[in-house]
Amino acid sequence: MAEDLVLLDLWASPFGMRVRIALAEKGLEYESREEDLSNKSSLLLKMNPVHKQIPVLIHKGRPVCESLIIVQYIDEVWSHNSPLLPSDPYERANARFWADYVDKKIYSTSRQVCLATGEVQEEAKKQLIECFKLLEGELGEKTYFGGENFGLVDVALIPLYSWFYALETSANFSIAEECPRLVAWAKRCILRKSVSKSLPDQYKVYDYLLELKKKLLQSH
Ligand SMILES: N[C@@H](CCC(=O)N[C@@H](CS)C(=O)NCC(=O)O)C(=O)O
């Protein structure tokens, strides 16, 4: 059934990818609108006046902002299939804790690995590997962070897989060598159609990063 859903998105955004994955897990149809972040649409400014960022999910004309909040909203509204959060309150809190960890630690550090240089980049790389190893500990022998079920933490983290090549090439290291269990997990996730169709090509992402770096240099 077609729902009244519009997603304000940007193809290379890992935050947008989270929402695409959640919508695909639920089998929901939606209209995707690609934003130009250097010239934001009036719809984006109206729908997310606080942060002015994508992604925004507009459901029946009402905006929901912040990717992890959007993913949880989707899970609550379309709760009848493919639950992304566990039913047990303690396990749910635990999933939210790790999704929050991914947000606070992994994405900001990854940004530095991609954009910084010299010692700052080396330090960020070290930190990122430590964070990945900690996540490997949390994953343990499970199939997904959500156990047998692909869940919130998986949705939060897997978009970064499309940035692995950009990370590795920017800072000259191999994530598979440092964190083989994390890469094995990512390869399991990418077998899901919801993930494979939501993540862009890693080389396109790297080209996007090179363009972004050029723009940042020009603006300084
Ligand atoms: N915490 C936000 C982060 C979203 C975010 O950083 N979006 C970026 C694109 S990847 C954006 O819209 N940037 C434009 C800006 O900050 O002006 C979320 O999880 O949705």
Side-chain angles (χ1 to χ4, degrees), residues 5-26 28 30-59 62-77 84-85 95-116 124 128 131 135 145 151-167 170 194-195 198-202 204-220:
L5 285 169
V6 178
L7 176 61
L8 307 185
D9 201 357
L10 171 72
W11 68 271
S13 166
F15 307 105
M17 290 175 217
R18 287 174 170 173
V19 180
R20 277 173 248 162
I21 294 169
L23 290 167
E25 281 290 325
K26 300 286 181 178
L28 296 166
Y30 61 99
E31 181 195 336
S32 176
R33 292 201 197 166
E34 189 72 6
E35 281 289 329
D36 171 1
L37 293 181
S38 59
N39 182 22
K40 294 174 185 172
S41 72
S42 52
L43 184 63
L44 174 60
L45 300 177
K46 184 174 157 208
M47 290 293 157
N48 190 355
V50 176
H51 297 303
K52 304 176 179 66
Q53 289 184 325
I54 61 94
V56 179
L57 183 71
I58 308 170
H59 183 207
R62 296 191 305 180
V64 186
C65 302
E66 287 294 311
S67 59
L68 285 181
I69 294 173
I70 302 172
V71 170
Q72 293 179 68
Y73 174 79
I74 292 169
D75 199 38
E76 281 179 25
V77 175
L84 295 169
L85 276 149
R96 288 182 174 133
F97 171 85
W98 284 108
D100 182 60
Y101 176 84
V102 168
D103 246 12
K104 288 193 176 124
K105 291 282 191 180
I106 301 288
Y107 281 98
S108 50
T109 316
S110 297
R111 196 182 153 80
Q112 278 202 315
V113 172
C114 283
L115 295 177
L128 184 64
C131 294
L135 282 167
F145 284 94
L152 180 69
V153 185
D154 303 288
V155 178
L157 184 60
I158 193 60
L160 194 67
Y161 189 47
S162 62
W163 281 79
F164 274 16
Y165 177 75
L167 286 163
S170 303
S194 65
V195 177
S198 303
L199 266 55
D201 177 76
Q202 56 177 352
K204 260 181 78 184
V205 169
Y206 182 59
D207 287 344
Y208 173 84
L209 173 66
L210 294 181
E211 281 301 310
L212 187 70
K213 277 184 180 168
K214 248 194 249 164
K215 278 187 201 153
L216 288 173
L217 272 176
Q218 279 162 7
S219 67
H220 283 119

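Whatever order the structure lists ligands and atoms in, that order sets their numbers, starting from 1.
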What are the atoms of ligand 1, with element, lying closer than 4.0 Å to any heavy atom of [X]?
X	result
K40	14 (C), 15 (C), 17 (O)
L37	9 (C), 11 (C), 12 (O), 13 (N), 14 (C)
P55	20 (O)
S13	10 (S)

- Task: Check whether any N or O atom of D103, backbone or side chain, sits under 3.5 Å from an N or O atom of ligand 1, and answer yes or no.
- Result: no
- Query: So is there a nitrogen or oxygen of H51 less than 3.5 Å from a nitrogen or oxygen in ligand 1?
  - Reply: no
Hey, does the side chain of [X] reach the backbone of [Y] with a donor-acceptor pair shorter than 3.5 angstrom?
X	Y	result
R20	L199	no
K40	K52	yes
N48	C65	no
W163	R111	no

- Query: Would you call the rings of Y101 and F97 parallel, tilted or perpendicular if under 30° counts as parallel and over 60° as perpendicular?
  - Reply: parallel
Distance to 0.1 Å, residue and atom name: give those for the protein heavy atom nearest to [atom].
atom	answer
atom 4 (C) of ligand 1	I54 O, 3.3 Å
atom 20 (O) of ligand 1	S67 N, 2.8 Å
atom 1 (N) of ligand 1	E66 OE1, 2.8 Å
atom 16 (O) of ligand 1	Q53 NE2, 3.0 Å

- Note on the structure: Closest non-hydrogen atoms of V102 and A156, given as atom of the first, atom of the second and distance, are CG1-O, 3.9 Å
- Item | Pairwise distance NZ(K204) to OG(S162) - rounded to 0.5 angstrom | 11.0 Å
